J.: 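Quick one: the structure is below, questions incoming.
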Protein chains: 2
Amino acid sequence: METYRTPLDAAFHALSDPTRRAIINRLMTSPAPVKELAEPFSMGLPGFLKHLRVLEDSGLIATEKAGRVRTCRVRIERLAEAETWLSEQRALWQARTDRLANYVETQMSGNEDED
Amino acid sequence: METYRTPLDAAFHALSDPTRRAIINRLMTSPAPVKELAEPFSMGLPGFLKHLRVLEDSGLIATEKAGRVRTCRVRIERLAEAETWLSEQRALWQARTDRLANYVETQMSGNEDED
DNA sequence: ACAATTGTTCACCGTATGGCAAACTAATGT
DNA sequence: ACATTAGTTTGCCATACGGTGAACAATTGT
C-alpha cells in the first residue's frame with residue numbers, strides 16, 4: 001500500500017494526519033490494544049486500521065498480536081529520525097543568522113554612526 | 001489546492017516529499033529564486049512550482065516577486081512548530097521511561113537478590 | 001456448543017497528489 | 001522592436017489517500 005521511498009518520507013507522511021498524530025500521542029504514554037486506541041475516534045475500524053498500517057509501515061509504531069488482541073507501541077527511533085532532520089535544518093538556519101550577526105557587527109564597528 | 005486543516009498537518013505533509021525537503025534544506029542557507037531552486041531537479045518547472053506552492057501553503061516558506069524573479073525564503077516559525085510537536089512527544093516518552101526506571105528501582109530495593 | 005469480542009479483508013467512492021506537455025504572460029537584455 | 005529569460009496557467013493522467021459498508025476470521029467467556 002505504501003509506496004514511500006525513504007523512511008523520512010514515510011514518517012513525515014504518517015505524521016501529517018491528525019488522527020495518526022493523536023494515536024502517536026496516546027501511545028507515547030503506554031502501549032495499547034487496537035480497540036482502545038480506536039475508541040476516541042468517530043470512524044469505523046477498517047478506516048482506523050488503515051491509519052495504524054500507515055504508522056506501522058512508516059516504522060513509527062510496532063504491533064504484536066496475542067490471542068485476539070493486537071497491541072501497539074511506539075518505536076521512538078523513527079520519531080527521533082524526524083526530529084533529527086528538523087534540528088539539522090535549524091542548525092543551518094542558526095549558522096546563517098550567526099554569519100549575518102557577525103557581518104552586521106563588523107560593519108557597525110567600521111562606521112558606528114551609520115543608520 | 002491544499003485542503004489541509006491544521007498548520008501542523010500541512011507542515012508535515014509538505015515535509016513528506018524528498019524534493020520539498022531538499023528545497024527547504026537549500027533555503028535554510030539563504031533565500032533563492034525559483035529557477036536556481038529548480039535546477040538540481042530533473043522535473044519540469046510546472047511540477048516544481050507545485051512543490052513550491054505546497055511549501056508556501058504550508059507556511060514553511062514565503063515568496064516574493066520582484067520584476068520577473070520570485071525569491072523564496074524559509075519561514076522558520078512553522079518549522080519550529082513541527083519540531084515542537086515532536087519534542088513534546090519525546091517528553092511524554094521520557095516521562096514514561098522515568099516512571100519505569102523509578103518502578104524498577106523501588107522493586108530492586110525491596111528484594112535485592114531477585115533475578 | 002454458542003455468542004460475543006476483536007480484528008481483518010474486500011470492494012468501492014470521491015478527492016488529492018505528483019507529474020507531464022503546451023500555450024501563455026511579463027520583465028529584461030541588445 | 002525583438003529575442004530571451006523567468007515564471008504561470010491550463011488540461012491531462014495514473015496513482016495514492018481517507019473513508020465507507022458488508023462479509024469474514026479467530027479467540028474467549030458462559
Side-chain angles (χ1 to χ4, degrees), chain A residues 1-24 26-27 30-73, chain B residues 1-24 26-27 30-73:
Chain A
M1 192 193 244
E2 301 301 302
T3 327
Y4 276 97
R5 298 143 280 278
T6 80
L8 222 43
D9 290 3
F12 280 127
H13 167 64
L15 293 175
S16 73
D17 180 279
T19 298
R20 290 193 291 259
R21 282 201 308 279
I23 295 172
I24 292 286
R26 162 64 187 81
L27 288 179
S30 75
V34 170
K35 198 208 168 191
E36 187 195 316
L37 281 177
E39 248 151 26
F41 305 97
S42 53
M43 84 186 71
L45 256 191
F48 186 78
L49 278 184
K50 280 197 186 178
H51 284 302
L52 281 187
R53 285 204 69 169
V54 171
L55 285 171
E56 188 165 15
D57 289 348
S58 78
L60 285 171
I61 71 169
T63 77
E64 208 167 343
K65 196 165 182 178
R68 65 184 170 189
V69 173
R70 177 173 296 277
T71 302
C72 309
R73 63 180 176 78
Chain B
M1 193 193 242
E2 301 300 303
T3 326
Y4 276 98
R5 298 143 280 277
T6 79
L8 221 43
D9 289 4
F12 280 128
H13 168 64
L15 293 175
S16 73
D17 181 278
T19 297
R20 291 194 291 260
R21 283 201 308 280
I23 294 171
I24 292 286
R26 163 64 187 80
L27 287 179
S30 76
V34 171
K35 200 209 168 192
E36 187 194 317
L37 281 177
E39 248 152 27
F41 304 98
S42 53
M43 84 186 71
L45 254 192
F48 186 78
L49 278 182
K50 279 197 186 177
H51 285 301
L52 281 186
R53 286 205 67 171
V54 170
L55 285 170
E56 186 164 17
D57 289 348
S58 78
L60 284 171
I61 72 169
T63 76
E64 209 167 344
K65 196 164 181 178
R68 65 185 169 186
V69 172
R70 178 173 296 276
T71 303
C72 309
R73 61 179 177 80

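Residue numbers begin at 1 in each chain, while the letters A, B, ... track the order of the sequences. Because the structure is a prediction, the values reported are computed rather than measured.
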J.: Side chain of A:Pro46 only, please: which of C:dC10, C:dG18, D:dA6 is the nearest?
T.: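 The closest nucleotide is C:dC10.
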J.: Grab the CZ-P distance between A:Arg53 and C:dC10 for me, whole Å please.
T.: 10 Å
J.: Send over the distance from A:Asp17 CG to D:dA16 P, rounded to a whole Å.
T.: 18 Å
J.: Please report the distance, rounded to the nearest Å, between CZ in B:Phe12 and C1' in C:dT17.
T.: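 Taking atom C1' of C:dT17 as the reference, CZ of B:Phe12 is at 20 Å.
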J.: To the closest 0.5 Å, what do you measure between CD1 (B:Ile24) and CG (B:Asp17)?
T.: 11.0 Å
J.: Provide, to the nearest angstrom, the distance between the CG atom belonging to B:Asp9 and the C1' atom belonging to D:dG18.
T.: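 Distance check: B:Asp9 CG to D:dG18 C1' gives 13 Å.
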J.: Rounded to the nearest 0.5 Å, what's the gap from NE2 on B:His13 to CG on B:Asp57? Could you check?
T.: 9.5 Å
J.: Could you state the CZ-P distance from B:Phe48 to C:dT17, rounded to the nearest angstrom?
T.: 18 Å
J.: In chain order, what residues pass the side-chain hydrogen bond (donor to acceptor under 3.5 Å, both in side chains) check against A:Thr63, with sequence neighbours excluded?
T.: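 Listed in chain order: A:Glu56, A:Arg70.
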J.: On DNA chain D, compare the nucleotides closest to B:Leu45 and A:Met43; which residue's is nearer the 5' end?
T.: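 Taking each residue's closest nucleotide, the earlier one in sequence belongs to B:Leu45.
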J.: Can you identify which nucleotide, out of D:dG18, D:dT8, C:dG18, has its nearest atom closest to the B:Arg20 side chain?
T.: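 Selected nucleotide (nearest to the side chain): C:dG18.
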J.: Write out all pairs satisfying side-chain hydrogen bond (donor to acceptor under 3.5 Å, both in side chains) with one or both partners inside residues 30-39 of chain A, taking only residues at least two apart or from two chains.
T.: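 side-chain hydrogen bond (donor to acceptor under 3.5 Å, both in side chains) check on residues 30-39 of chain A returns A:Arg26-A:Ser30, A:Arg26-A:Glu36.
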J.: I'd like to know if B:Lys35 reaches the base of D:dG7 with its side chain such that a donor and an acceptor end up less than 3.5 angstrom apart.
T.: no
J.: Of all the choices, C:dG7, C:dG18, C:dC20, which nucleotide is nearest to the side chain of B:His13 once you look at every atom?
T.: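 Selected nucleotide: C:dG18.
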J.: So do A:Arg21 and B:Phe12 actually touch side chain to side chain, heavy atoms under 4.5 Å?
T.: yes
J.: First locate atom CD1 of A:Ile61, then atom NE2 of A:His51, and finally report the distance between them rounded to the nearest 0.5 Å.
T.: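 Rounded to the nearest 0.5 Å, the CD1-NE2 separation comes out at 12.0 Å.
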J.: Taking for each residue the nucleotide of DNA chain C with the nearest heavy atom, is it B:Gly47 or A:Val34 whose nucleotide lies nearer the 5' end?
T.: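 The residue whose closest nucleotide sits nearer the 5' end is A:Val34.
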J.: Looking only at side-chain atoms of B:His51, point me to the closest of C:dC20, C:dG18, D:dG19.
T.: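 Minimum distance to the B:His51 side chain belongs to C:dG18.
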J.: To the nearest angstrom, how far is B:Lys50 atom NZ from D:dT10 atom P?
T.: 12 Å
J.: 5'-most contact on DNA chain D: A:Ser42 or B:Leu49, nearest heavy atom basis?
T.: B:Leu49
J.: Once you round to the nearest 0.5 Å, how far does CD1 of B:Ile23 lie from CG of B:Leu15?
T.: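 Atom-to-atom, B:Ile23:CD1 and B:Leu15:CG are 11.0 Å apart.
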J.: Once you round it to whole Å, what is the distance between P of D:dA6 and CG of B:Leu37?
T.: 13 Å
J.: Near DNA chain C, under 4.0 Å by heavy atom, which residues of residues 61-73 of chain B?
T.: B:Gly67, B:Arg68
J.: Using whole Å, what does the distance between atom C1' of nucleotide D:dG7 and atom CG of B:Leu52 come to?
T.: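 Checked: the CG to C1' distance equals 11 Å.
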